[in-house]
Every structure is written in C-alpha cells, then in structure tokens.
*Asks:* 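Got a structure for you, written out below as structure tokens; questions coming shortly.
Only heavy atoms go into these numbers, but all of them, side chains included; no hydrogens, no water, no symmetry mates. Chain naming here is simple, since letters A, B, ... match the order of the sequence lines and numbering starts at 1 in each.
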Amino acid sequence: MKKEIKKKSKAACPSSILLPPDHTTMAAAAAGASTSAATVSAISAQIAAGRLFAAIDNLTPSCSSSPIPSSLYASLLRLATHHGSLSAARRITTHFASSASQFNRSSVPTFLFNRAIESLAACGGLADARELFDLMPRRDGGSWNAIIYASSRAGKPTEALSLFADMYSRGVRPNDVTMASVLACCSECLNPCGAQQLHGHISKRDFQSNVILGTALVDVYGKCHLLADARQAFDGISEPNAISWNVIIRRYLLAGMGDMAAEMFFRMVRAGVRPLVYTVSHALLACRDNNALEEGRCMHTFVLRHGYEHHIHVRSSVVDMYAKCGAIDAAQRLFNVAPVKDVIMSTSILSGLASCGRIGDAKRVFDRMQERNLVSWNAMLTGYIRSSDLTGALHLFQQMRKETKELDDVTLGSVLNACTGMLDIRKGEEVHAFAFKCGLLSYPFLKNALVRMYSKCGCLRSAELLLQFEMGERDRYSWNSLISGYERHSMSEAALHALSEMQSEVTPNQSTFSSALAACANIFLLKHGMEIHAYMIRSGYEIDDILQSALIDMYCKCRLFDYGIRIFEAQPSRDVILWNSMILGCAYSGKGEYGLELFDEMQAQGIKADSVTFLGALVSCISEGHVGLGKSYFTLMTEESILPRMEHYECMIELLGKHGHMVELEDFVDHMPFEPPTTMWLRIFDCCREYGNRKLGERAAKCINDSNPQTPVRYEATADYMCSDGGSAEPMSFGNPDEELMSPL
DNA sequence: CTAGGGGATG
C-alpha cells in the first residue's frame, strides 16, 4: 500500500500543485473535447466502490475542458483523506486548480479550496496546504479555519496562532470552530496569556453557551496548571456535559488535587450527568492519590449501582484504590472474584500486598500471572525492597534477567536501591557499569539512585562528581541524597554548605530540612538550626512528626532542652518517633529521671515502645545508675520480641561496667549471641581496670591484641591494676583507648 | 485516560 502511494506520487505530482497545466492539457482544451457524462458517472462509481486510484485515473487532462462538478471533487478529496494518500490529494487539487486557471479562476468555489486544504493537511502535506492557502483567489472564514486547524494539528501551534492574529487583523471574524482550534494551540504551547485573551473574546461574543468551547477553555487552563481559572471557566459553562465534567475532574487529578477531583465527581453525580467510564476511573484514582478510603467506598457503591463494574478500567481502578488506601483485604476479595485478571489488575494487587508487608502473598500472585511485563517485574522488585528483603530483590532480578530481555531505568534504579540498603558499594558499582552499558544512564531516576547509593555508602566524592558533572538537571532528590550522605558520614559542615548551594537551584523539602537539622545537631550549630526552624515556619512548610523529632533532637543536643520540650508538649497526638526523640533528649540532657517517666507515660498511653525507645530508657538508666531497672528493660525488650541492636548491647556493657557490676558483666558477655567487637572489649577492659576483674580483663586484652597483631601497643591485664579487690588504678602506660568508643550517643 | 519509581528523624 505504502509502496503504491509512493510510486503514484512520483508519477503524478509536480513539485508545486499549482503549476500551470502542461501543453497536452492546453491542446486537449483547444481541441474542444468535452467531458462526457460517462466519465462523471465512472468516477462516481469508483468513489462509491472506494477505489480511490481508479477514480483518479479518470481525471485525464481532456476532461478539464468542461468542469467536473465540485461535489465530485469534494467526494474525491474525502476519499483521499480516508486513504491518507497525499499523492491523491495533490492530483485532485492540481486537477481542479488547473482547470480553473484555464477558464475562470473564480469558477471554482472557495469551499472546494477549503476542502483541499483540509485534505492535504490531513494527509500530512501541511506545506502543500499552506501554499494553496496563500495562492487561492478568495478566502472566507472557512479557509482560515482550515489552515489554522491544519497547522495546529500538524504540531505547529505558534504558526497557527500567528495565522489567527493575521486573520483577526484583516477583520475576519473567528467563529467557534476557529476558537476551538486556537485554544488547542494555546494548550499545546502552554500559553496561558493566549488562553486569557481568547477567554475574553469568547465572553464578548457569547460563545459561552457553546459547551465545546467552554470545555476546551477549561482544558487549556488546566493544562497550564491554572486550576483556579480552569474552575472559573468550568463554572461559566451553562450546561456542562459529561465531557466537560470529565475534563475538570481529570485536570484536578493530574494537578495532584485529588480532593477537588473527588468533590467534582460527586457534584457531577448530583447534577444528574452520567459519568463516562474514564471519569469514574479518574475519580477512583483521585481517592487513591488522596488516601481517601471512605470516598473511594462511596464510588465503589456507585460503580455497582450504575453498572460500571464490567469495565476492566473501572474494576482495575477500584482494586487499585482499595490496595493503595490500605484496604488490602477488600482489594483482594474483588481481585479473587474478577472474571478477568489482566496484567494491570494483577500488578495492582501484588504491589498492594507487597507494600503492606505481605511479600509472600505478592510473590504468589506474581507467580500465578499468565502474562508479565516490565511493570509487573518492577513492581515485584520494589515490593521486595519495601519489605527490606534485599537479597530477595537481587534474586528476583537474576530470575528476571533469565526470563526476559526487558529492563529499564526503574529496574536498575531499584536494584541500586537494594545495593544501597545493603551498603554494598561493589555491587552498586557493578550496576553502575551495567547501566552505562545499557545506555540508561541518562534517566534522572537512575542517576539519582546512583547519587543515593554513593552517598549512603560513604563515597561522597563519587556522589559529588556525579552531581557536578553527570547530572543535566539536578533535582531535589539528587541534592537530598548528597546532603543526607554528608550528615550520616560526619561531614555536617559540607551538608549545610550543600543545602545553601541547593537553594539556588531547587526548593528544598521536608526531607532536606530533616537532614540539615540533624547536621546542625551533630555540630551544635544552634543558631543555624533555629534559622532553619524559622525558615520552615515562614515558608509554610508542614512540620511533620519527623521534622518535629529532628527539631527536638537538635534543641536538646544544643542544650536548649526547654525548646525541645516545648515542641514536644505542643503536640496533641504523639507518634513513637516523637516520644523517642524526647526520651533520648532527656537522657543526654542529664534528665534521665524525667526521661524514664516519659517512657512509662508513653506506654500508659498505649504506644508501643520500639528499639529506639528502649535505647533511650537504657541510656537514662546508665546516667542515673539504675542498674536493675536497665537490666529489666533489656529483658522486657527481648520478651516483646524487639531484637536488640549493637547499641543496646553497648548500653548494657556500659550500664554494668560503669557501675562496677563485674560479675554480671562477665555473665552478660558470656551470653551475648555474638563475640563482642574490639571497641566493646576496649570498654570492658577499661571497666576491669577500674573495678578489678582480672579474668575478664585478660580475656579482653587477648581479644584486643589478637584483633590487631600489628599494633605496637599491647594490652596486658597486670596484677597491679587488675587485682580482684579493685586496687589502685595506675595511669595507663599505653595509649589511651578511644574514650568515645563506648559512648552510645 | 487502569498497573512499577525517588523517603528524612532518633
């Protein structure tokens, strides 16, 4: 087909469609040959049979001596458009244009030129259309409409707008068709000023009663992110139809204003307009984005009552809404009874299961899927990562590599996230090289995953280089990764410096400030921390639990305990994170007793302590000398199946060692599930020296010496300061073991 | 026009 068009176009098309007819045509005309009625009826028959080229072949030069009816040309052009054949449109146009020039140019009606403009443009010949427009003998409003519409559809919105301006200046009045095309141009070039001007014209000329125009206007404003104007335009439509409602709901959804989208949906229903299938789906997605389970349920009821549940789009959106709003059981029930479970619905349910921690169930859905695509693989991959099953993620990736050739930036970005979580820089670098080989390094998501990986793993230099030289556009995520990397790796000054650099490029968000506040806390930059606090308030940032927690921490560490407690007490409902910060804040502000009171109060309020809460309690016990209490907390913690972390063991050793409970200390060490690391032995050694426990001291010395046989400094548990009665403590004759090693804070 | 993505505090 394509080949045929090409051949014909070569044979029949002069470079200009308006070239004067050649001599044979002239000769034929001079001979006075007349178009027979037979030719006309032959052409009509070919048109009726849809045989475009057969029909055109009747357009011999001879038949130009007496004009073919315009309606026949118009039918031919329509057929050419239908076939999408530019060569045919050209031949037809050339034919009637040349016959016209021979007799009387104005014998061809303007409407036929207009149809030709439309046909040429629709077949991809905008340049031909424009040439015809420029050369045609007379133009009417329809000609302008045709060329403006054509330019707009051919992806030349600015050209269309300047044609519109031209038309306007020549005093040709635009009608609603013109307005609709020009509006489309404004949304194409995101030109809200143009839209506003058109809005003025539309109001002046009372096109307001035209639903199509009004709706187009709503869409333009929406596309330009001017949702208030969009809404105003919508409210100006006297009788919005289902499409108008769809447009405003969709624009609210795309602008991230799910609440408004849902509200408009309910208004639409109340107004008695039956929603389009897509509108129902958009409304459900709005609930999903907004985490609005109740509204989502109402919509589900609506779906069932009004017979939308057979549409797979709607059904998938309901499932997705339930899954994302945390009603995973409802989602799964619907999924189980669904007669058709396509890739999309299965992917929704598996990602829902994975994000509520049911990774096993998610994998079962995944394994049972008849068809998988890239998105479903990626969903499974991120599911493992969200469940912090990082090796699971890597295994899945291996399986994926075996079963499909497909992979994209999301895949590799997720694999990188797994490496980041494992702090496995070697694997991360492998993925980096692999991504380069796949040519995926230009994707911002992937580049940011790389910055994050290098930052978190402590290769700040690599992260800096990426940010400096490899990133075309550095966004908030890139900067946030770098800043939190600096903060985590004791480069707090660099973190704050990066923050100020970042601010000249992009707007920070809550994550940025939480890292920045932590950096201030690390190096006790009270003034800077307060500036950030003030800045967040001034700029209207929502100070969420994590930020409050970071603020409490910063103020407590900077010795403004009262500020910390003020933030804490101002909160009507407190998250466990907030309690944790305050309890720890007490612990290192020398207010351990108060911290322990808070610990009790928190549990009295029914908030479950986590490992950090227990850490705060243990630190308070250390500073207040509550050895028994600390021990009971440690037991309680294991009873509540909270796995003690290294810090908790360090605390217990500090608690027992600092207060001279040497027998219990030895017992504790014996029952630890792992061999203490050298840092811990150093502290134990120190305590043995202070309180006297020769046996344990010797063990400590041996472990320290064995761990580092190269060092010239040897640890020895000698009698003069390790005697069991806790005799005199001589100053140490060797280098001072690192004092801060055992400090858990 | 329905499915996957970036997340910081102690």
*Asks:* For A:K324, answer base if it contacts any base atom (sugar-phosphate contacts may also be present), sugar-phosphate if it contacts only those atoms, and nothing otherwise; contact means non-hydrogen atoms under 4.0 Å.
*Replies:* sugar-phosphate

*Asks:* In whole angstrom, what separates A:M299's CE from B:dT2's P?
*Replies:*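 About 16 Å, once rounded to whole Å.
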
*Asks:* Tell me what A:R315 touches on the nucleic acid: a base, only sugar-phosphate, or nothing, going by heavy atoms under 4.0 Å.
*Replies:*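 No contact at all - A:R315 keeps every heavy atom at 4.0 Å or more from the nucleic acid.
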
*Asks:* What is the distance, rounded to the nearest whole Å, between atom CG of A:D408 and atom P of B:dG6?
*Replies:* 13 Å

*Asks:* Does the base of B:dT2 carry an N or O that pairs as donor and acceptor with the side chain of A:S317 under 3.5 Å?
*Replies:*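 Such a pair does not exist between side chain and base.
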
*Asks:* Quick one: does A:N480 reach the base of B:dG6 with a side-chain donor-acceptor pair under 3.5 Å?
*Replies:* no

*Asks:* Select one nucleotide: of B:dT9, B:dA3, B:dG10, the one nearest the side-chain heavy atoms of A:S514.
*Replies:*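 Nearest to the side-chain atoms of A:S514, counting from C-beta on, is B:dT9.
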
*Asks:* Cut-off 3.5 Å, no hydrogens considered: what does the side-chain donor-acceptor table look like for residues 311-319 of chain A, sequence neighbours left out?
*Replies:*
from	atom 1	to	atom 2	distance (Å)
A:R315	NE	A:E309	O	3.0
A:S316	OG	A:I312	O	3.0
A:S317	OG	A:S281	OG	2.9
A:S317	OG	A:H313	O	2.8

*Asks:* Specify whether A:Y563 and A:Y555 have parallel, tilted or perpendicular ring planes, treating 30° as the upper limit for parallel and 60° as the lower limit for perpendicular.
*Replies:*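 Ring orientation of A:Y563 relative to A:Y555: tilted.
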
*Asks:* Of the listed nucleotides (B:dC1, B:dT9, B:dA3), which one gets closest to any side-chain atom of A:E487?
*Replies:*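 The closest nucleotide is B:dT9.
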
*Asks:* Please classify the nucleic acid contact of A:D544 as base, sugar-phosphate, or nothing, using heavy-atom distances under 4.0 Å.
*Replies:*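 Base: the residue A:D544, judged by heavy atoms under 4.0 Å, touches a nucleobase.
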
*Asks:* What integer distance in Å separates A:L285:CG from B:dT2:C1'?
*Replies:*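 A:L285 atom CG is separated from B:dT2 atom C1' by 7 Å.
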
*Asks:* Examine B:dA3: is either OP1 or OP2 under 4.0 Å from a nitrogen or oxygen in the side chain of A:R288? Give yes or no.
*Replies:* yes

*Asks:* Round to the nearest Å and state the distance from A:Y477 atom OH to B:dG5 atom C1'.
*Replies:*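 Answer to the nearest Å: 9 Å.
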
*Asks:* Does NZ or CZ of A:R372 come closer than 6.0 Å to the centre of the six-membered ring of A:F366, within 45° of the ring's axis?
*Replies:* yes

*Asks:* Counting side-chain heavy atoms from C-beta on, which of B:dT9, B:dG7, B:dG5 comes nearest to A:D409?
*Replies:*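 Nearest to the side chain of A:D409 among the choices is B:dG5.
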
*Asks:* Would you classify A:D575 as touching base, sugar-phosphate or nothing, given that sugar-phosphate means primed atoms plus P, OP1 and OP2, and contacts are heavy atoms under 4.0 Å?
*Replies:*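 Contact class for A:D575: none.
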
*Asks:* Would you mind telling me which of B:dC1, B:dA3, B:dT2 lies closest to the side-chain atoms of A:V343?
*Replies:* B:dA3

*Asks:* Can you figure out which of B:dT2, B:dA8, B:dA3 approaches the side chain of A:R488 most closely?
*Replies:*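 For the A:R488 side chain, the nearest candidate turns out to be B:dA8.
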
*Asks:* Could you tell me how far apart A:N509 (CG) and B:dT9 (P) are, to the nearest whole angstrom?
*Replies:*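 Going from A:N509 (CG) to B:dT9 (P), I get 13 Å.
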
*Asks:* Whole Å only: how far is the CD1 atom of A:I583 from the P atom of B:dG10?
*Replies:* 15 Å

*Asks:* Contact class for A:Q548 (heavy atom, under 4.0 Å): base, sugar-phosphate, or nothing?
*Replies:* nothing

*Asks:* Between A:H282 and A:Y252 (judged by ring centroids, cut-off 6.0 Å), do the two rings come close enough to count as a pair?
*Replies:* no

*Asks:* Closest approach to the side chain of A:D320, judged atom by atom: which nucleotide of B:dC1, B:dA3, B:dT9 is it?
*Replies:*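 For A:D320, the side-chain atoms sit closest to B:dA3.
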
*Asks:* Please report whether the ring centroid of A:Y633 lies less than 6.0 Å from that of A:F599.
*Replies:*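 Yes, they do, as the ring centres are separated by less than 6.0 Å.
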
*Asks:* Expressed as a whole number of angstroms, how long is the span from A:L412:CG to B:dG5:P?
*Replies:* 16 Å

*Asks:* Should the side chain of A:D342 and the base of B:dA3 be counted as holding a donor-acceptor pair, with the cut-off at 3.5 Å?
*Replies:* no

*Asks:* A:V410 side chain: which of B:dA3, B:dG5, B:dG7 is closest?
*Replies:*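 Comparing B:dA3, B:dG5, B:dG7 against the side chain of A:V410, the answer is B:dG5.
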
*Asks:* What contact category does A:D545 fall into here, base, sugar-phosphate, or nothing, at under 4.0 angstrom with non-hydrogen atoms?
*Replies:* nothing

*Asks:* Please determine, for the side chain of A:S515, which listed nucleotide (B:dG7, B:dA8, B:dG10) has the closest atom?
*Replies:* B:dA8

*Asks:* Just by distance, with hydrogens left out, do A:E464 and A:Y486 show a side-chain donor and acceptor under 3.5 Å apart?
*Replies:* yes

*Asks:* Give the nucleotide from the list B:dA8, B:dG5, B:dT2 with an atom nearest to the side chain of A:R386.
*Replies:* B:dG5

*Asks:* Measure NZ/A:K456 against P/B:dG6 and give the value in whole Å, please.
*Replies:*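 These atoms are roughly 12 Å apart.
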
*Asks:* Tell me which donor-acceptor pairs under 3.5 Å the side chains of residues 327-337 of chain A have, and how far apart each pair is, sequence neighbours excluded?
*Replies:*
from	atom 1	to	atom 2	distance (Å)
A:D329	OD1	A:R358	NH1	3.4
A:Q332	OE1	A:R358	NH2	3.0
A:N336	ND2	A:Q332	O	3.3

*Asks:* Choosing from B:dC1, B:dG6, B:dA3, which nucleotide comes nearest the side chain of A:T347?
*Replies:*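 Minimum distance to the A:T347 side chain belongs to B:dA3.
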
